[in-house]
Amino acid sequence: QQQQQQPLLSLLSDTDEGAMEQAPSNGAAQEGRRPVLELLDDETSVTFEEVETIKGMHPDDRMDLFQIMLAEANVSAFASWENEQEKFSGDPRFLACSKKERQTGFQIYIKMRAEQEKEERLAQMRAARETFKAMLRELVPTTKCTSVEFNMRCKKDPRFQAIEKPLERENLFKEHIEWLKQGGKVSAGGTSSGGASGGPPSAKTAFMDLLREQQGLHAKSKLADIKAAIKDDPRFKAVEMALQEKLFRDYIKSLDSEADKQRRAEESLRARADEVRMARMAQSKELGREKQNYFRTEAAAQLQSFLVDHVHNPKVPWSEALRLLKADRRWDVCKSISDGELQDVFQKHIDMLVERQRSLFHKLIEEKIFLLTPWSSAQSRLEEEPLWPQLEQALGNMEREYESFMQSWFSRAQKDLRELLRETRSITEKSRAQIEAERRALVSKGEDDSMPVHLREILQALQHDKRYILLECDAGLREDMVNAYINEVERDGPPPPPTASQPAARDAKDARK
């Protein structure tokens with residue numbers, strides 16, 4: 001009993017050192033690790049203490065155990081994961097898999113289950129058709145019976161009810177009647193036999209049996225070719241000469257028809273076998289691709305987790321990171337993808353670290369340095385910050401980073417001031433004329449150095465906004481931008497009313513008129 005309850009890990013362990021002691025059910029020895037489906041039997045149990053053991057297995061083994069759990073519950077191919085997952089919430093094989101592994105395993109299982117149920121339905125349909133044909137041979141021995149009479153007589157027979165579609169039953173009945181018309185016979189036990197109508201049945205049947213005994217007959221054979229061999233046979237003499245020729249031609253035609261029918265049947269079977277083989281190959285490839293994509297995604301996630309835990313310096317080379325990774329437990333999953341894909345994930349992580357350090361450097365400049373401050377003046381101030389050694393190690397040429405950010409910051413500051421001016425409601429198309437009128441009045445009074453009142457009101461509305469204050473380092477440029485915007489608003493004129501149509505649509509409407 002203790003041997004039957006051995007831990008699941010021992011059942012799934014590799015057998016590279018020798019073949020497993022337990023042989024397969026067919027008696028043939030197998031080398032290497034046996035599939036999980038062959039190792040598990042009705043007496044194998046998985047306890048909650050083995051959840052952590054299952055988590056440490058290869059993803060292939062966890063996936064196989066998860067699908068075994070679904071098969072044991074006889075989950076239908078049309079079931080939904082949302083409804084079924086609650087049934088397995090207490091199963092260790094369910095708890096040992098991640099959410100993504102459960103969903104992927106469920107999708108793979110229902111695809112295989114759908115194919116299995118499809119084959120079962122087709123087998124049931126074929127069996128029902130054969131049973132229905134046997135009932136026809138038993139209950140409809142002649143062509144005098146009609147389909148209505150047959151339906152009334154057999155409607156309560158289980159063999160009749162097994163064919164659900166009335167049209168299919170009607171087609172099978174017609175095929176049976178056509179078969180009877182072509183010479184098919186039904187014995188007292190309900191079994192069918194071949195035959196033809198007309199002439200003395202016993203002599204004719206014996207003559208046909210005589211022809212069947214002859215070897216080498218084909219579509220171009222003639223009675224004269226075999227007449228010398230059968231002329232002394234009583235079965236040949238029992239049939240008149242004219243009827244001999246007719247029966248021989250009928251027999252040759254039947255040979256040709258049967259050969260053609262057999263040929264078509266064989267071609268149909270080969271074509272169907274090719275279709276099934278191609279469909280299975282396509283399905284196998286699709287499942288393989290899905291499984292490979294899942295393991296590739298899982299490996300990339302494990303590598304990303306390792307890099308977040310151990311690689312914090314963007315100057316760490318890939319060789320050093322690979323050495324640390326091989327010593328980590330996550331290497332067993334990561335090695336399933338190529339070295340190129342591993343390096344791509346590593347490079348993305350390094351780029352993310354560099355970008356993070358660059359963002360910290362930009363934020364430090366905005367907090368400690370004024371706009372347009374030269375690098376020679378800002379360097380000593382920045383070197384006093386605790387983050388400076390870390391940033392310098394990550395970014396390298398700090399002067400180049402500083403100048404690049406300062407240019408983008410200055411450009412962004414001008415755009416922000418432009419946006420602030422558009423938000424200022426006191427600037428209208430009449431502002432320029434009002435400012436010029438006030439300036440002329442001040443000149444006439446001898447107050448040339450005084451600022452026009454309207455311009456002072458505009459600047460007072462702007463001076464409390466940080467977008468205006470930021471360009472204090474270049475007051476001349478800021479003043480030029482304000483004056484240029486005032487001139488632009490005057491040139492554009494008053495804005496159209498909200499109910500006015502767009503100029504392009506208005507011009508098109510005038511052109512149509």
Side-chain angles (χ1 to χ4, degrees), residues 126-151 153-154 159-160 163 167-275:
R126 288 193 292 267
R129 288 173 63 90
E130 293 300 326
T131 306
F132 191 84
K133 290 179 180 179
M135 181 181 64
L136 287 170
R137 291 193 295 269
E138 176 184 344
L139 303 178
V140 186
T142 65
T143 59
K144 296 180 180 180
C145 181
T146 64
S147 62
V148 177
E149 294 173 353
F150 172 72
N151 292 341
R153 180 181 177 186
C154 305
R159 297 173 294 180
F160 180 88
I163 304 296
L167 181 60
E168 187 176 1
R169 292 196 295 262
E170 183 70 20
N171 291 336
L172 291 174
F173 181 83
K174 289 180 179 179
E175 290 177 4
H176 177 71
I177 296 299
E178 187 65 25
W179 174 75
L180 290 175
K181 289 180 179 180
Q182 292 179 358
K185 290 186 177 181
V186 179
S187 63
T191 59
S192 61
S193 63
S197 59
S202 57
K204 179 180 172 183
T205 304
F207 184 80
M208 298 299 287
D209 292 339
L210 176 62
L211 294 178
R212 293 188 186 95
E213 295 174 2
Q214 307 308 309
Q215 302 294 330
L217 292 180
H218 50 80
K220 295 183 179 181
S221 297
K222 297 180 180 179
L223 181 58
D225 298 336
I226 62 170
K227 191 172 184 179
I230 63 174
K231 64 180 180 179
D232 297 329
D233 195 295
R235 294 172 290 181
F236 179 79
K237 297 179 180 180
V239 180
E240 297 178 357
M241 184 177 297
L243 186 57
Q244 290 175 357
E245 290 289 345
K246 181 180 181 303
L247 292 176
F248 184 80
R249 287 194 300 270
D250 292 344
Y251 177 72
I252 293 300
K253 290 180 180 178
S254 68
L255 285 180
D256 190 23
S257 176
E258 290 177 1
D260 186 61
K261 186 184 295 183
Q262 183 176 3
R263 178 181 57 80
R264 290 196 302 268
E266 290 176 354
E267 290 178 354
S268 177
L269 288 175
R270 285 195 296 270
R272 178 56 182 163
D274 292 340
E275 291 178 3

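Remember, predicted model here, so these are calculated numbers, not experimental data.
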Min side-chain heavy-atom separation Asn151-Phe173 under 4.5 Å: no
Heavy-atom pair with the smallest gap, counting every atom of Phe248 and Ser221: CE2-O, 3.5 Å
Taking every non-hydrogen atom, the tightest pair across Thr143 and Leu180: CG2-CB, 3.6 Å
Residue pair Met135 / Phe150: nearest heavy atoms and the distance that separates them: CE-CZ, 3.6 Å
Test: Arg169 cationic atom under 6.0 Å from Phe160 six-membered ring centre, within 45° of axis: yes
Straight-line distance of Asn171 CG to Glu178 CD, nearest 0.5 Å: 12.5 Å
Spacing of CD belonging to Glu168 relative to CZ belonging to Arg129, to within rounding of 0.5 Å: 5.0 Å
For Gln214, side chain to side chain contact (heavy atoms under 4.5 Å, CB included) partners two or more places apart: Leu210, Leu217, Ile226, Ile230
Nearest non-hydrogen partners of Val140 and His176, listed with the distance: O-NE2, 2.8 Å
Spatial distance of atom SG (Cys145) from atom CG (Leu136) [nearest 0.5 Å]: 9.0 Å
Approximate separation, where rounding is to 0.5 Å, of Lys174 NZ and Leu172 CG: 11.5 Å
Sidechain N-carboxylate O distance under 4.0 Å for Arg270, Asp274: no
Under 3.5 Å donor-acceptor, Arg153 side chain and Leu139 backbone: yes
Between CD1 on residue Ile163 and OG1 on residue Thr131, distance to nearest 0.5 Å: 8.0 Å
Reported CG-to-CG distance for the pair Leu243 and Asp250, which is rounded to 0.5 angstrom: 9.0 Å
Least distance between heavy atoms, Lys231 atom then Lys237 atom: O-CE, 3.3 Å
